[in-house]
Number of protein chains: 2
Amino acid sequence: MEKTDALAALAALAQDNRLDVFRLLVQAGPEGMPAGAIASSLDLPPNTLSFHFDRLRMAGLVTVRREGRSMIYAARFERMNALLGFLSENCCGGVLLRPDAQCKPARRRARVSA
Amino acid sequence: MEKTDALAALAALAQDNRLDVFRLLVQAGPEGMPAGAIASSLDLPPNTLSFHFDRLRMAGLVTVRREGRSMIYAARFERMNALLGFLSENCCGGVLLRPDAQCKPARRRARVSA
DNA sequence: GCGACATTTCCATAATCGTTGAAATATGGA
DNA sequence: TCCATATTTCAACGATTATGGAAATGTCGC
């Protein structure tokens, strides 16, 4: 990840409501979550939320797709992974990450039986 | 690290000049670097730099000590480490960090003639 | 078509941010 | 003491930010 992208991602996460939104999306997993559900979960007016979604999307941290009347937002885990990589490498001596580490959804995942 | 502290640290790093300053301090290592050396290295006016130092200090990312006429700023590695931990845990599924990982100075040391 | 729903866009507002010139503070040396 | 150096503080300024009311857009079911 380049410095410009890292700055954009940092700025996107450096705001109370947006950090909450992103954390919620990380828990929601790759399928994402409709804007309305996020709005009611965080108790934010829809236009305010729309503004923050835009920042997150411009920073590359979320994707959006339409599903019927709803807009479904989802975290871009690989982007967050890249941000962590940038910070580790540029601000932390570069020794922080597990070589095989990948950002993944936080919530319980479907168990894959061996 | 708590959410409030994480937000402060993110906001502190989410600015071009401040990110440069912090990266420089990470390379400089625990002994830190005088403000003047940073100013000339990044070509920033001293009052502008002072403003940014303040933000970094308020966010807990740097310390400062006086040494003669110079103010020596140094990165707080453990704080950066805590930020990475917060992001990993809250925004990344919690699987990113090596259990023994610690932020440390980057290899290169900035040799400074005060 | 119409009406309910879901979300965005537009507009205005107050607050915060980053920068700079000028003045102030602190230290060390002659 | 006076002077040079190093850095901060003060006081502006334009730019950006976060917010919310109101209106617009898009979608679905009838």
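Chain letters run A, B, ... following the sequence lines, proteins first and then strands; every chain starts at 1. Heavy atoms only: backbone and side chains are in, while hydrogens, waters and symmetry mates are out.
Nearest nucleotide to the side chain of B:Arg66, out of C:dT7, D:dA18, C:dA26: C:dA26.
A:Met71 and A:Phe51 sit in two unconnected hydrophobic clusters of ILVMFWY residues. Membership requires side-chain heavy atoms under 4.5 Å apart, directly or through other members. Two different hydrophobic clusters hold B:Met58 and B:Phe22 under the rule that ILVMFWY side chains link at heavy-atom gaps under 4.5 Å.
For B:Leu10 and D:dT17, the CG to C1' distance is 17 Å, given to the nearest whole Å. The CG atom of A:Asp16 sits 14 Å away from the P atom of C:dT16 (whole-angstrom rounding). For the pair B:Met71 CE and D:dT5 C1', the computed distance is 14 Å after rounding to whole Å. At whole-Å resolution of the value, CG in B:Leu19 and C1' in C:dC17 are 17 Å apart. The distance from atom CG of A:Leu7 to atom C1' of D:dT17 is 17 Å, rounded to the nearest whole Å. When rounded to the nearest whole Å, the span between CD of A:Glu67 and P of D:dT27 equals 13 Å. The distance from atom CD1 of A:Ile72 to atom P of D:dG26 is 18 Å, rounded to the nearest whole Å. Distance CZ (B:Arg69) to P (C:dT27): 11 Å, rounded to an integer number of Å.
Contact between the side-chain N/O atoms of A:Tyr73 and the OP1/OP2 oxygens of C:dT8 is found at a separation under 4.0 Å. Between B:Ser70 and D:dT7, a side-chain N or O to OP1/OP2 separation shorter than 4.0 Å is present. Regarding contacts with the backbone of C:dG18, a side-chain N or O of B:Arg18 is found under 4.0 angstrom from either OP1 or OP2.
Residues A:Val64 and A:Ile72 are not in side-chain contact: their nearest non-hydrogen atoms beyond the backbone lie 4.5 Å or more apart. By the 4.5 Å heavy-atom criterion applied to side chains, B:Lys3 and A:Arg23 are counted as neighbours.
The stretch residues 38-55 of chain A comes close to DNA chain D through A:Pro45, A:Asn47, A:Thr48, A:Phe51, A:His52, A:Arg55, each having a heavy atom under 4.0 Å from the strand.
Taking both residues in full, the closest heavy atoms of A:Val21 and A:Ile38 are given as CG2-CG2, 4.2 Å, listed atom of the first, atom of the second, then distance. Residues B:Arg79 and B:Gly60 come closest through the heavy atom pair CG-O, 3.1 Å.
A:Arg18 contributes a side-chain N or O that, together with a main-chain N or O of A:Ala12, makes up a donor-acceptor pair within less than 3.5 Å.
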